[in-house]
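To start, the structure itself, in structure tokens.
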Amino acid sequence: MMFQKFIEEVCDILKTVARDMGWSGEDLSLDYYDKISDVSSSLAFKISRKDKKNPKSVAEEIYQRLSLLKDKYDLIGDIKLIGPYINFYVGDKFISDTLKEVLNRRDDYGSLNYKGSIVLEHTSANPDGPLHIGHLRNSILGDSLRRILKKAGYSVDVQYYVNDLGRQVAVVVWGIENLKITNNNIKVDHWISQIYIKANRLIEEDNDFSNNNKDIDILLRKFEDGDKDVIEKFDFVVVQCLRGIEQTLNELEIYIDEYVRESQFIFNGDVERIISRLKDTEYAYFDNGALLLDLSSFGFEKDFVVTRSNGTSLYSTRDLAYHAWKARRYDDMIDILGADHKLISSQLKTVLRILGYKEPKVVIFEFISLPEGSMSTRRGKFVSVDELLEKVREQAYLEVSKRREDITELEKKEIANMVAIGAVRYDIIKISPDKPTTFDWRDALNFDKRGAPFIQYSHTRACSILKKGGDFSNPNFDLLRDQNEIDLIKLISRYPLIIKEATDNLRPNILANYSRELAEQFNQFYKDVPVLNAATEELRSARLALVDAFRIVIKDSLSLLGISSPEIM
RNA sequence: GGGCCCGUAGCUUAGUCCGGAUAGGGCGCCGGCCUUCUAAGCCGGAAAUCGGGGGUUCAAAUCCCCUCGGGUCCGCCA
């Protein structure tokens, strides 16, 4: 937390000076990510406006006053004036304290003391086929957040909400019975999607199968009425499909704590109970037998449908019951949802508020589309995650083989796997969730860019040095005064702040960016600063310690993105 | 038609919430660097009307208004 302590000192000294100059505002106009200094302030502009003086002379006065107080602060080194900008630089103590903290806390470095329980819902893809690369953005966002939130100190449970009574499942059940598509040894979720696609086509074409739609409705009706045989058939499809999906997720190091079945909220009476509570609110009204909520006072044009005219529940009603259930069990809820859920999720929040429940925080991500258009499981227009992984693995294996002829086949495969998974995860997580993107095979298979392999490689470089370097005892960090060393340490000192920002904003891409920058900085250091052949034994030890600190942080930050850190590549 | 999101070099992306000092990366392109810790690396170069137009401000990629292009939602579907 050295960087935060440094910021606190800067705030304190600046505030003291500002008060003395009659500035009562809270805003100190700090810029943490300044390229010129460690922290800068443009406060002079603000004060000059008030005093009607020119910014530069105000800055000079601030500077004079800062200089008098500076010695009382431990971590502040230099303060420099560039025009009207006041630039703060960390001092020597900051540098060595940062390294001490990293080497003492090891894996724990960067963790915060956030408290509370969170239920994080992600993926929740319908069990009608394999995961495709659109779902992947959801899964990877969710899993990275799970890791980051845990690092921040929360206890996190991950749930996959299973739509096990939707129309799609009924379509698959119908398809299994009527299409007789045999599974010739393909992964079960892919087999299910074949049935789903074909069945949908027949239903849409509606020629010889004019009764198909009716069949589907009958299946759904029977399910809700508790027909044992139909429930079993639905269950078979759901369980099988989920098995395939889970296998894919696990290959990507994504783990689900609990699969929550939507139907349970019907069977246990929760849905019924929530409907009757909604009926008693002031927003409720009936239209042709259907129960609706008038949410116009909350700014919604469309009313919220609670039950159909025939009394059955809708997806959103059951989702409401699910969220109420979660709200009772956890301090906080987070949902990862695609952009198509924006409206419905804000309606859900509103209704939860009406009922007196806390609302989930919703992380929305925009879609990944294919060059030829948007993806659709129903129409079979998608690239499956399994296919993507297979191709990326293949390419990664070629890349490893190209560089390493000295290692065993098994080692090559292991490294290729780590690199492939890292590449896939990184390429998705590095992009801001609210950016719509188009999937591109050429880019996905390109390893000559600053993606995960680049970062992983910097880690192997550190490992290699440490392996050859042996023990370093009582390193004297005061010897680390090369610009490359200082820049690397400063970046390492930012790590806890990065964790905080990624957590507070629920934005893993902040961390992804940081990891890349940290790797770049280490590569600089690697090139310019000899470690094993340092001028003196003492310097060698100090540098080994720095390399170790880097190794700890880069490995930890990659792990928060679900990317493993190979020791050789 | 209305709501929300996106629009930054040939392509791709950070920065936008909380306005500040020459708009960061990457891919591709051009030119260099392996007798020293693995070159999946490093250095240099060309390439940007920050979609367009107004406005606010000492200062706008960032805030406000208008506008164009793309996505998405506006089902008693999920």
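Side chains are part of it too, since the values below use all heavy atoms of this structure and drop only hydrogens, waters and symmetry mates. Sequence lines set the chain letters: A, B, ... in the order given, protein chains first and strands last, and positions in each chain run from 1.
Here A/Y85 packs flat against the base of B/A21; its ring centre is closer than 5.5 angstrom to the base's six-membered ring, tilted by less than 30 degrees. Aromatic stacking of A/F45 on B/A59: not satisfied for centres closer than 5.5 Å together with planes under 30 degrees.
Side-chain atoms of A/S40 and base atoms of B/A21 include a donor and an acceptor less than 3.5 Å apart. Residue-to-nucleotide contacts include no donor-acceptor pair under 3.5 Å from the side chain of A/N509 to the base of B/A14. For B/A21, its base sits under 3.5 Å from the side chain of A/N87 at one donor and acceptor pair at least. Put simply, the side chain of A/S464 and the base of B/C37 share no donor and acceptor less than 3.5 Å apart.
Using the Watson-Crick or G-U wobble rule with both distances under 3.5 Å, B/G2 pairs with B/C73. The partner of B/A21 cannot be assigned: no Watson-Crick or G-U wobble pair with both contacts below 3.5 Å exists in any strand. Across all strands shown, B/C30 is found opposite B/G44 as a Watson-Crick or G-U wobble partner, with both distances under 3.5 Å.
To the nearest whole angstrom, the two P atoms, one in B/G31 and one in B/U49, are 25 Å apart. With both ends at atom P, the span from B/U67 to B/G1 equals 11 Å, rounded to whole Å. A distance of about 31 Å separates the C1' atoms of B/G19 and B/G10, rounded to the whole Å.
Where A/D440 and A/H341 meet RNA chain B, the nucleotide closest to each residue was compared, and A/D440 sits on the side nearer the 5' end. Each of A/F447 and A/Y315 has a nearest nucleotide on RNA chain B; the 5'-most of these lies closest to A/F447.
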Apply salt bridge (Lys or Arg N to Asp or Glu O under 4.0 Å) to residues A/E366 and A/K435 and explain how you reach the verdict. CA-CA 6 Å; A/E366 292 289 331; A/K435 208 107 173 172; over 6 Å; no

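In this model, the phosphate group of B/A59 is not approached by any side-chain N or O of A/K46 to a distance below 4.0 Å at OP1 or OP2.
Of the charged side-chain nitrogens involved, none lies within less than 4.0 Å of a carboxylate oxygen, so that A/K56 and A/E60 do not count as a salt-bridged pair. A salt bridge links A/K490 with A/D38: the closest approach of a Lys/Arg side-chain nitrogen to an acidic carboxylate oxygen falls below 4.0 angstrom. The pair A/R494-A/E517 does not meet the salt-bridge criterion, since no charged nitrogen lies less than 4.0 angstrom from a carboxylate oxygen.
For B/C34, the base is syn relative to its sugar; the glycosidic angle is within 90° of 0.
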